[in-house]
Every structure is written in structure tokens, then in C-alpha cells.
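Keep in mind that the numbers below use all heavy atoms, side chains included, and drop hydrogens, waters and symmetry copies. When a residue number appears, it is its place in the shown sequence, counting from 1. Since the model is a prediction, treat every value here as computed from it, not as a measurement.
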Amino acid sequence: MSRFIFSSPGKYVQGAGVLKELGQQIKSKGKHALLIADDVVWKIVGDTATQSLKEAGVEYSYERFNGEASVGEISRLSKIARSKGTDMVVGLGGGKTLDTVKAVADELKVPVIIVPTTASTDAPCSALSVIYSDKGVFESYRFYDKNPDLVLVDTWVCAQAPARLFASGIADGLATYVEAQAVLRTHSLSMVSGTPTIAGMAIAQACEETLLTWGFSAFKAVQEKRVTPAVEAVVEANTLLSGLGFENGGLAGAHAIHNGFTAIDGDIHHLTHGEKVAYGTLTQMVLEQRPDEEIEQYIRFYRSIGMPTTLAEVHLDKEPWENLVKIGALANSDGDTLKNLNPALSPEEVASALIGVDAFSKTIK
């Protein structure tokens, strides 16, 4: 029997300057907030966030995020949160910070407030975290009973971040509809363990259309650290549409291949999440035997915003065949989503597709 499930955050607020509203937005959710961010993010938004909480009469503590969404870091922060009497957790930063904060809030069973400072991933709105080892190797997905209580996105803050991160968010978002279509086609389950809903698929499609329509102009505006209507549209697509789309539509090859990259050491780990997902998306499209014209459209668009489309650009051109097969094997593990694309794929077929993307991309001038 089919089960149609749609999941979403309790509230989503977006706009230039909305970080100043943080205190007012969360004061009804608890009395003592634990704010978690890394050093770089805290220097950028710490003063604005804490001033907002003071004005709203919300007590708070701050704790530094150490950089990896791992079991050890989640345990460390959870102990600190309990010791401070935390009754709501606020995460400020990028994907790994936010994934960690969701896990900490789940450990304490308290509200979680997500404040992304870049529009670089679709993590903010979802009821799951990607868990890595302390060394950054993909381990598992951790699922939660509910989505974040509030997602607050200050587009001015996002526009001040490096444009490379903004472009990475676009690349991450462009995987949404590609993967959701595969899940629907193979009658697989979404990330909320249901058949993809009409709403989820429509949101995923709107994400792709928004990014291909305004992604380039928004990227150019962010290079100048400006917020335009195109930037607002793309931030929403990167964050809300992609988040709802991937969770309710499901994941398939692009993100599984991204996770597969953690099977090997090398310079690829200096790339952003979205840069690796971009190559994973192209690899999925090759595995699906999508028309050449469609793959070419994606390659040209990725190039326009500085995303990698060759093995050299993802630092895999010198890797031996055996390592490419290792990537395919990890992507094909039982805890990942490659089987939503095709349960019969072998590690060698994934490795061949990685090379196929590179060969095709090099023909496009």
C-alpha cells in the first residue's frame, strides 16, 4: 500500500536583515537558547544574533562548533547543552553545523532553530542529518521525528559569503529534481519514507526551473555582494525548494556518489558539498542514459557558475581505476540512496560513468 507523506519546517522566514528578528521569532519557543556556530560564522553574525536575543529577553549561551558532523561532536555539544539548561538550540552556519545542531536538539528533545549563513546546501529545512566520521568519511543518515521549528534566512548575510558557496548551493539544488524523478520512476521511497507526493515533485521541479532561469544572474549579483530579486528567488530555491524537494521527492544517485567520494583520500575533499554533488548529478544523468542535449545543458550551466564538469576539476583525473570503483562501491552501500536510481548497478558501472562524464564534457566547447 502506498503511503504519501509530506514534511516541512514549522516556519520559514527569508529576507535581507531578518537576522535582527531572531529574538522575536524564537522567544515563544523557550527561555534559554544554546547558539552553536564555528569561529568564522560567529565573528560575522554573533553580535547581531545576541543583540536580537537581548532585546527580546531571551537568555543564551554560545558554544563553538568544531567542524565535523560526527557522533563525537554531537555527544560533546549535547552534554554542554544539558549542563546549561538549554530548552532550544540555535544553529548558525553551513550544512555540517546545521546537521549537528539538529542532532543535538533531537538528543535533548527541544526546539531547533536553523539560521543558515550561506545559501550553499539544502540541509536547513530537512528532518535529517548526514553523519560523518571524525575524519570526514560518510557514515549514515540520521532521521528525526520533525523538521526544524524555524528556518530563518538573512539574504544579506548569505550574499556576503563567498560567491563560490552560493554557486555550490545552486549545484546542490539542481540535483533535486533529477533525483526525485528517479525515485518516482523506480517506485522508491522519499527521505520521509513515503511515495513522493504531487506537492513534493512540483516543488522539486520549481526548484530546477528557478535555478536555470535566474541562477546565473543571481550568482553575478552575489559576486558583487548584492541582493537582487533574482538572489532572493535563488536563495529560496537553494534552501526551501531544494530542502522540501529532496526530502519529499527523495535522493538517488547524485548524493550517493557525493558520499562515495569520501571512500578515497585526496584533494577532492577540498571541494564544497555542491561542487561534488554537481559531478554526482552529471554521473547520475549518464547512468540514466539521459539525452546528450540535456546533459550538455547542465554542463554549460555548471561552467557558467564555476562548477566542475571534468575529472581534473574534481581532482580525480590521477586516481587509478581501483579507486573509482571504491567510490562506486561506497555509493552503492545499503545505507545510501544509489539503489533508488537502479538497484542493479555495480561499482564498476558507476566508475565508468564517472569517466564518461569527463569524456563527454571535454567535447563541449
Side-chain angles (χ1 to χ4, degrees), residues 4-14 36 69 74 89-107 110-132 138-153 158 168-180 183 188-197 199-204 206-208 211 235-252 254-256 258-259 272-274 276-277 280 335-337 340:
F4 296 90
I5 302 173
F6 185 86
S7 185
S8 66
K11 189 176 185 180
Y12 180 89
V13 179
Q14 176 184 310
I36 297 174
I74 292 165
V89 184
V90 181
L92 306 102
K96 289 192 175 183
T97 301
L98 304 181
D99 276 355
T100 302
V101 165
K102 283 185 278 187
V104 172
D106 185 62
E107 291 287 327
V110 299
V112 60
I113 294 88
I114 299 296
V115 184
T117 53
T118 67
S120 60
T121 74
D122 50 20
C125 294
S126 69
L128 63 87
S129 296
V130 184
I131 305 300
Y132 298 88
F138 170 78
E139 291 187 341
S140 65
Y141 289 103
R142 175 170 173 169
F143 297 91
Y144 308 114
D145 293 333
K146 66 180 181 65
N147 295 70
D149 298 85
L150 168 68
V151 178
L152 185 107
V153 187
C158 292
S168 296
I170 295 172
D172 194 27
L174 277 175
T176 305
Y177 192 45
V178 172
E179 292 188 281
V183 172
S188 300
L189 297 179
S190 69
M191 302 307 284
V192 290
S193 298
T195 299
T197 60
M201 293 302 296
I203 288 170
C207 179
E208 181 183 71
L211 296 176
V235 169
E236 181 181 342
N238 284 5
T239 310
L240 181 63
L241 301 183
S242 182
L244 295 179
F246 99 78
E247 191 167 30
N248 295 288
L251 296 179
H255 277 81
H258 163 278
N259 296 336
T272 66
H273 173 83
K276 289 178 279 188
V277 168
D336 220 315
T337 58
N340 292 345

Undergrad: Could I get the full list of side-chain hydrogen bond (donor to acceptor under 3.5 Å, both in side chains) partners for Glu139, not counting sequence neighbours?
TA: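 By the side-chain hydrogen bond (donor to acceptor under 3.5 Å, both in side chains) rule, Glu139 matches no residue at all.
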
Undergrad: Between CD of Glu247 and OG of Ser242, what distance do you get to the nearest 0.5 Å?
TA: 11.0 Å

Undergrad: Could you tell me if the side chain of Phe138 sits less than 4.5 Å from the side chain of Asp336, heavy atoms only?
TA: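 The answer is yes; the side chains approach within 4.5 Å.
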
Undergrad: Measuring only between side-chain heavy atoms, which start at C-beta, is Glu208 closer than 4.5 Å to Thr176?
TA: no

Undergrad: Looking at every heavy atom in both Thr117 and Gly94, which two are closest together, and how far apart are they?
TA: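 Of all heavy-atom pairs spanning Thr117 and Gly94, the closest is OG1-N, 4.3 Å.
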
Undergrad: Which atoms form the tightest heavy-atom contact between His273 and Thr121, and what is the distance?
TA: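 Of all heavy-atom pairs spanning His273 and Thr121, the closest is CD2-CG2, 4.2 Å.
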
Undergrad: Find out whether Ile114 and Cys125 are in side-chain contact, i.e. whether some heavy atom of one side chain is under 4.5 Å from a heavy atom of the other.
TA: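 SC-SC contact between Ile114 and Cys125 ruled out.
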
Undergrad: Evaluate Leu211 against Asn238 for side-chain contact (heavy atoms from CB on, under 4.5 Å), listing each step before the verdict.
TA: CA-CA 8 Å; Leu211 296 176; Asn238 284 5; 3.3 Å; yes

Undergrad: Return yes if some donor-acceptor pair links the side-chain N/O of Thr337 with the main-chain N/O of Ala252 below 3.5 Å, else return no.
TA: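 At least one qualifying donor-acceptor pair exists.
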
Undergrad: Would you call Asn248 and Val192 a side-chain contact if the rule is heavy atoms closer than 4.5 Å?
TA: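 A side-chain contact exists here, since the closest heavy-atom pair is under 4.5 Å.
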
Undergrad: Treating Lys102 as the side-chain partner and Ser126 as the backbone partner, does any N or O pair qualify as donor plus acceptor under 3.5 Å?
TA: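 Present.
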
Undergrad: For residues Val89 and Ile36, determine if any side-chain heavy atom of one lies less than 4.5 Å from a side-chain heavy atom of the other.
TA: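 Yes, side chains in contact.
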
Undergrad: Would you say the side chains of Tyr12 and Asn147 form a donor-acceptor pair under 3.5 Å?
TA: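 No.
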
Undergrad: Taking all heavy atoms of Ser190 and all of Val183, pick out the closest pair and write down the distance.
TA: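 In terms of heavy atoms, the two residues are closest at N-CG1, 4.3 Å.
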
Undergrad: Quick test of your reading: applying salt bridge (Lys or Arg N to Asp or Glu O under 4.0 Å), list the pairs with at least one residue in residues 89-98, sequence neighbours left out, ordered by first then second residue.
TA: Glu68-Lys96

Undergrad: Report yes or no: does Glu179 contribute a side-chain atom to a donor-acceptor pair with the main-chain N or O of Phe246 at less than 3.5 Å?
TA: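 Side chain of Glu179 to backbone of Phe246: no pair is present.
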
Undergrad: Donor-acceptor check, side chain of Ser129 to backbone of Asp99, threshold 3.5 angstrom: yes or no?
TA: yes

Undergrad: Between OG1 of Thr97 and CG of Leu92, what distance do you get to the nearest 0.5 Å?
TA: 9.0 Å

Undergrad: What heavy-atom pair brings Ser8 and Leu244 nearest, and what distance separates the two atoms?
TA: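 Minimum heavy-atom separation between Ser8 and Leu244: CB-CD2, 3.5 Å.
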
Undergrad: Restricting to non-hydrogen atoms, name the atom on Gly95 and the atom on Ala123 that form the minimum distance, rounded to 0.1 Å.
TA: CA-CB, 4.2 Å

Undergrad: Contact between Ile74 and Ile131 at the side-chain level, heavy atoms closer than 4.5 Å - yes or no?
TA: yes

Undergrad: Which value, rounded to the nearest 0.5 Å, describes the distance between Lys276 atom NZ and Asn259 atom CG?
TA: 9.0 Å

Undergrad: Can you confirm whether Val153 sits close enough to Cys158 that some side-chain heavy atom of one is under 4.5 Å from a side-chain heavy atom of the other?
TA: yes

Undergrad: Is there a donor-acceptor contact under 3.5 Å linking the side chains of Asp172 and His255?
TA: yes

Undergrad: State the CD1-OG1 distance between Ile203 and Thr197, to the nearest 0.5 angstrom.
TA: 7.0 Å

Undergrad: If we ignore hydrogens and angles and just use 3.5 Å, is the side chain of Asp122 paired with the main-chain N or O of Thr239 as donor and acceptor?
TA: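 No, the answer is negative, given that no donor and acceptor are paired below the 3.5 Å cut-off.
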
Undergrad: If I compare all heavy atoms of Val151 with all of Pro116, which pair ends up nearest, and what's the gap?
TA: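 In terms of heavy atoms, the two residues are closest at CG1-CD, 4.3 Å.
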
Undergrad: With the side chain counted from C-beta on, respond yes when Val130 and Tyr141 share a heavy-atom pair under 4.5 Å apart, and no when they do not.
TA: yes

